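These notes concern the structure reproduced below.
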Protein chains: 2
Amino acid sequence: MAAETVSAALTLKDIAREAGVSLATVDRVLHNRPGVRPDTVRRVQETIARNAFQPHVAAAELARGRARRFAFVMPTGANPFMQQIEAYLGEMSAWLSARRLGVELINTDVFDPSVLAVTLETLSGDYDGVAVVALDHPGVRAAINDLVDAGTKVVTLVSDVPSSRRHHYVGIDNIAAGRTAGALVGRLVGEKPGKVAIIAGSQGLRDHAERIFGFNQVMASEFSHLDILPLLEGRDEDDRSEQLISRLLDKHPDIISLYNVGAGTQGVAKALTEAGRERQIVFIAHDLTAMTRRLLLQGTLDVAISQNPGHEARAAVRVLLSLARNEPILSEQENIRIDILMRDNLP
Amino acid sequence: MAAETVSAALTLKDIAREAGVSLATVDRVLHNRPGVRPDTVRRVQETIARNAFQPHVAAAELARGRARRFAFVMPTGANPFMQQIEAYLGEMSAWLSARRLGVELINTDVFDPSVLAVTLETLSGDYDGVAVVALDHPGVRAAINDLVDAGTKVVTLVSDVPSSRRHHYVGIDNIAAGRTAGALVGRLVGEKPGKVAIIAGSQGLRDHAERIFGFNQVMASEFSHLDILPLLEGRDEDDRSEQLISRLLDKHPDIISLYNVGAGTQGVAKALTEAGRERQIVFIAHDLTAMTRRLLLQGTLDVAISQNPGHEARAAVRVLLSLARNEPILSEQENIRIDILMRDNLP
DNA sequence: GGCGTTTTGAGGTACGCAACTCATTTTGAG
DNA sequence: CTCAAAATGAGTTGCGTACCTCAAAACGCC
């Protein structure tokens with residue numbers, strides 16, 4: 001009936017005895033400190049591996065004394081998704097302080113590469129880890145690499161800089177998200193032909209561009225009977241998005257689906273409602289907010305494709321902590337999923 | 001630019017000084033030990049609250065000495081979903097042993113209430129926490145309540161016993177999952193009329209019954225133009241499911257959708273393929289396995305509705321640990337979502 | 001005021017490890 | 001073989017809490 005023997009809870013002392021060395025030497029090996037012959041290093045490491053020894057994190061954390069500090073570099077402004085991430089960080093405060101972890105929010109203009117780069121440079125040395133909503137730009141890449149070289153653990157959040165040497169990326173694959181949107185549009189409109197409208201904040205934003213790319217990929221290869229209208233750019237603003245969509249709906253009475261790549265969903269929904277076509281048009285947007293939730297429940301919005309902001313906040317903290325402690329990362333746990341949210345599976 | 005002051009990392013000693021009592025008294029209050037006047041208790045608690053003091057979990061865990069033991073009571077047999085949960089528990093072993101947590105798997109016949117009840121009774125006293133895939137039955141409920149009364153933390157996993165006094169449920173709302181399936185069937189078949197087939201393992205299984213209930217609810221209220229065929233019971237077996245579906249497809253050439261509530265998806269898919277109708281019929285099933293993944297990629301399966309087994313495994317462990325430590329639970333984190341998985345958002 | 005009881009204080013030990021010092025041994029180069 | 005450098009051992013201290021003991025003080029009751 002039972003299984004798995006309860007391991008005897010070895011300590012460093014046991015490892016030292018079994019390897020035939022002193023505690024000090026085990027400590028040196030464990031922390032890559034110099035002054036140990038390669039032979040001895042190997043012998044100690046083998047003993048550790050053989051016994052699957054894991055240092056007691058509580059003891060290690062306690063002995064370490066110094067508290068760990070992490071910085072979260074987030075965009076200034078009223079982006080609701082980012083605000084949700086910040087809110088979930090706030091909800092973790094008891095969890096964090098019980099572990100003597102300090103998380104500091106640093107708001108900056110992440111869309112200006114030089115400003116972001118300077119902000120990152122100023123962090124060097126002050127933090128054990130940094131999570132950053134990064135723009136993929138040479139200056140930012142260099143700043144990230146400098147941080148890494150200085151021994152700071154770096155995690156990119158929501159938006160990646162794959163060419164940098166950041167330790168981890170916490171966020172979704174936006175091309176796949178765009179493909180998902182495309183597949184849903186194609187599947188939900190059925191077989192009837194018609195026009196599909198697509199509006200984004202800006203093609204210059206990497207995540208938007210990637211989603212558009214994935215969307216078009218699927219539409220072209222699998223739903224070629226649908227006519228994709230030229231991309232509109234609403235700058236993630238409700239008013240502007242509303243105007244653009246209103247005009248478009250007037251011009252094309254045969255629009256059967258609408259994909260909003262970025263923010264401004266409220267404006268788009270308003271245009272749809274005022275044209276009286278909110279139920280006839282398959283409407284797909286991103287992110288779960290109080291507003292998109294309402295739109296899903298009333299049927300204006302058919303699907304919200306989202307990434308879980310709470311998960312991203314916690315994953316970033318956990319990854320930074322694991323990196324700082326030299327613990328392995330549970331990759332399956334920290335992988336952010338592309339959520340398809342409809343009326344009936346709202347969390 | 002910056003925000004949040006770094007808290008000064010108070011210790012018990014600081015609390016004692018500020019409250020004007022000794023360390024021993026603070027300790028008594030903190031652990032609800034007797035021998036403290038109500039006045040004093042209040043004063044100490046106020047000081048703790050005022051300073052938002054959190055005991056250092058590392059220090060507490062270290063001082064405690066004794067390792068914590070958790071038991072996972074899981075069904076015997078080859079249920080792939082349960083095996084995935086067990087596999088993810090295995091992947092956590094390093095994480096667990098670094099925290100001196102022992103997790104033991106106990107396989108038993110969870111579908112026989114008396115066997116399950118007896119199994120649970122034998123655990124009393126041996127474990128700090130128990131996670132159990134429970135059947136909702138008076139005997140099981142009583143056994144769970146006994147465990148709770150004995151001070152063991154109890155979490156129901158995947159399948160709940162809401163009438164018991166278990167501390168937490170880790171799993172999805174199966175009615176909502178069934179509703180989601182219904183909405184997807186309705187949306188994906190479009191406006192054309194036709195018959196919808198539904199097959200489950202058994203109506204006697206609570207989770208299957210709930211999914212069927214939710215499914216029918218949505219179909220009746222929103223897609224009444226679709227004709228729901230009588231429920232088939234495949235006992236979660238591939239062979240039997242295949243035979244039932246084959247016969248049904250022969251009999252009804254106008255089936256346009258198929259919902260498999262339980263396991264046996266491989267058999268259903270085989271029947272669909274051999275009838276040559278795998279692309280014409282909207283096929284929705286549950287759980288992500290190597291097989292359903294393959295079926296999604298090749299287009300036989302349109303949607304897999306799933307709950308993340310890794311998440312469930314980790315959430316159960318985290319919840320048990322938080323309960324044992326008297327820490328608050330991050331409810332948003334431990335809430336299991338109903339995942340809609342299609343070809344393009346596979347993890 | 002004296003008594004027993006309850007409450008509180010003071011202090012110690014232990015947990016497992018990090019980080020350090022300093023003495024001693026081993027090693028390898030000349 | 002000698003000697004300096006490298007490697008290792010031995011030991012200490014402290015992290016913040018749990019848990020324990022024993023003595024002292026405060027309290028309530030008659």
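A quick note: this is a predicted structure, and the numbers were derived from the prediction, not measured. Naming convention: chains lettered A, B, ... in sequence-line order (proteins, then strands); numbering from 1 in each chain.
By the 4.0 Å N-to-carboxylate-O rule, A:E18 lies too far from A:R43 to be salt-bridged with it. A salt bridge does not link A:E334 to A:R314: none of the charged side-chain nitrogens sits closer than 4.0 Å to a carboxylate oxygen. Salt bridge present: A:D27 and A:R33 bring a charged side-chain N and a carboxylate O closer than 4.0 Å. Taking 4.0 Å as the cut-off between side-chain N and carboxylate O, A:E61 and A:R325 count as a salt-bridged pair. Ion pairing between B:E327 and A:R99 holds under the 4.0 Å rule for side-chain N and carboxylate O.
Rounded to whole angstrom, the span from the CZ atom of A:R33 across to the C1' atom of D:dG9 amounts to 15 Å. The NE2 atom of B:H56 sits 11 Å away from the P atom of D:dC15 (whole-angstrom rounding). If you measure from atom CZ of B:R68 to atom P of D:dA18, you get 10 Å, rounded to the nearest angstrom. Across the protein-nucleic acid pair, B:I48 atom CD1 and D:dT17 atom C1' stand 13 Å apart, rounded to whole Å. Nucleotide D:dG16 holds its P atom 11 Å from the CG atom of B:L10, rounded to whole Å. The CG-P distance, from B:L23 to D:dG16, rounds to 12 Å in whole Å. For the pair B:K13 NZ and D:dG16 P, the interatomic distance rounds to 8 Å; values are reported in whole Å. Between B:R325 atom CZ and D:dT17 atom P there is a gap of 14 Å when expressed in whole angstrom units.
To the nearest 0.5 Å, the span separating CD1 on A:I329 from CG on A:L320 amounts to 9.0 Å.
Under 3.5 Å, the side chain of A:R64 and the base of D:dG14 form no donor-acceptor pair of N or O atoms.
For D:dT17, the OP1/OP2 oxygens have a side-chain nitrogen or oxygen of A:R100 closer than 4.0 Å. When the side-chain nitrogen and oxygen atoms of A:R28 are compared with OP1 and OP2 of D:dT8, none of them lie within a distance under 4.0 Å.
For B:H56 (side chain) and B:L10 (main-chain N/O), no donor-acceptor pair under 3.5 Å exists by modelled atom type. With hydrogens and angles ignored, the 3.5 Å screen pairs no side-chain donor or acceptor of B:D136 with any backbone N or O of B:V161. Between the side chain of B:S159 and the backbone N or O of B:A134, at least one donor-acceptor pair lies under 3.5 Å.
Along DNA chain D, the nucleotide closest to A:G35 and the one closest to B:A59 are compared, and the more 5′ of them pairs with A:G35. Along DNA chain C, the nucleotide closest to B:V41 and the one closest to B:G65 are compared, and the more 5′ of them pairs with B:V41.
Heavy atoms of A:R66 sit nowhere under 4.0 angstrom from any nucleic acid atom. At the heavy-atom level, B:A60 lies under 4.0 Å from the strands shown only through sugar-phosphate atoms.
Closest contact between the side chain of A:V21 and the listed nucleotides D:dA18, D:dG9, D:dG16 involves D:dG9.
Bracketed by its first and final contacts, the part of DNA chain C lying under 4.0 Å from non-hydrogen atoms of chain A reaches from C:dG16 to C:dT27 in 5' to 3' order.
Heavy-atom minimum distance, A:P309 versus A:Q84: CG-OE1, 3.4 Å.
Between the axis at the start and the axis at the end of the helix from C:dG1-D:dC30 to C:dG30-D:dC1 there is an angle of 10°, using five pairs per end and rounding to 10 degrees.
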